[in-house]
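Okay, so here's the structure we're looking at.
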Amino acid sequence: IIEGRADEYWVAAEKGLFKYNSQTGDVLKYDQSTGLSGASPLELMMDSEGGIWVSYKGGGVDLIEKQGIYSFDFNVSNFGGPPYIVNDKRIFEDEDGQIWLCTWEGFVILDKTLITSMNLGLDADDWIRDIAIDDDGLFWILSAKGLFKYEPNSQAIFKLDDPPGFPFKEMRFMAAR
């Protein structure tokens, strides 16, 4: 569940997406019959312009705006490599308004018109679990195989040494300050 604008709450459910208006009590259901590209939303995020981003298990992302619903399909290989499949991973907006999608093989970065990708050199059995940005603008990336730091200015990615006893395989989320 996320809070949208003007007393609206968005709820992802097994069989669709629901927008609830707490002022009027109205409920609107969004699903494939109303233009969504997937059946079971996994993650929701509201961007800085009020758009609602929705990811689906097995692939695909929608952007819901007042003007309509826009779909981005990552089930086909647009990047010359294996398909970028967005699953139950994170959606993140950086300070430049770009949308970052954590995928099985790296990131897909959207600015609503241009799609680029970034591969962390992960193994086939690795995947991005979470991303956080700190006050210095550094991205902290948690994967099944460790913790990475990404410096946007230099576009450098560093894998941090695994401290003894740090439970990467059990970690799912993180936060940065």
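Heads up: numbering here begins at 1 and tracks the sequence.
- A heavy-atom distance below 4.5 Å is not found between the side chains of I91 and D47.
- Looking at V54 and M45, their side chains never come closer than 4.5 Å, going by heavy atoms from C-beta outward.
- Taking CG of D31 as the start and CG of L17 as the end, the distance is 9.5 Å to the nearest 0.5 Å.
- Note that NZ of K149 is 6.0 Å distant from CG of L138, once rounded to the nearest 0.5 Å.
- For Y20 and W10, the gap between ring centers reaches or exceeds 6.0 Å.
- Expressed to the nearest 0.5 Å, how far OG of S22 lies from CD of E3 amounts to 8.0 Å.
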Show your reasoning for whether side-chain contact (heavy atoms from CB on, under 4.5 Å) applies to F158 and Y150. CA-CA 6 Å; F158 303 95; Y150 171 67; over 6 Å; no
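- For N153, the side chain to side chain donor-acceptor pair (under 3.5 Å) test picks out no residue, with sequence neighbours left out.
- Under the 4.5 Å side-chain criterion, counting only non-hydrogen atoms from C-beta, W140 is in contact with D134.
- Rounded to the nearest 0.5 Å, atoms OG (S40) and NZ (K15) are 9.0 Å apart.
- Under the salt bridge (charged side-chain N to carboxylate O under 4.0 Å, His left out) criterion, E8 pairs with K19, not counting sequence neighbours.
- Under a cut-off of 6.0 angstrom, the local environment of CD in E95 is sparse, with at most 12 non-hydrogen atoms contributed by other residues, nucleotides or ligands.
- M46 is linked by a side-chain contact (heavy atoms from CB on, under 4.5 Å) to I2, R5, I52, counting only residues two or more places apart in sequence or in another chain.
- Contact detail for A13 and P41: the closest heavy-atom pair is O-CD, 3.3 Å.
- Distance check, rounded to the nearest 0.5 Å: CG of L44 to OG of S55 gives 7.5 Å.
- In this structure, F92 has its ring center no closer than 6.0 Å to that of W53.
- Under the 4.5 Å side-chain contact rule for hydrophobic residues, I69 and L28 share a cluster.
- Side-chain contact of E93 with S48: a donor-acceptor pair under 3.5 Å is present, judged by distance alone.
- Taken to the nearest 0.5 Å, the OH atom of Y70 stands 12.0 Å off from the CG atom of D62.
- Contact detail for T24 and N21: the closest heavy-atom pair is N-OD1, 3.0 Å.
- A cation-pi contact, defined as under 6.0 Å to the ring centre and within 45° of the axis, is absent between K29 and F18.
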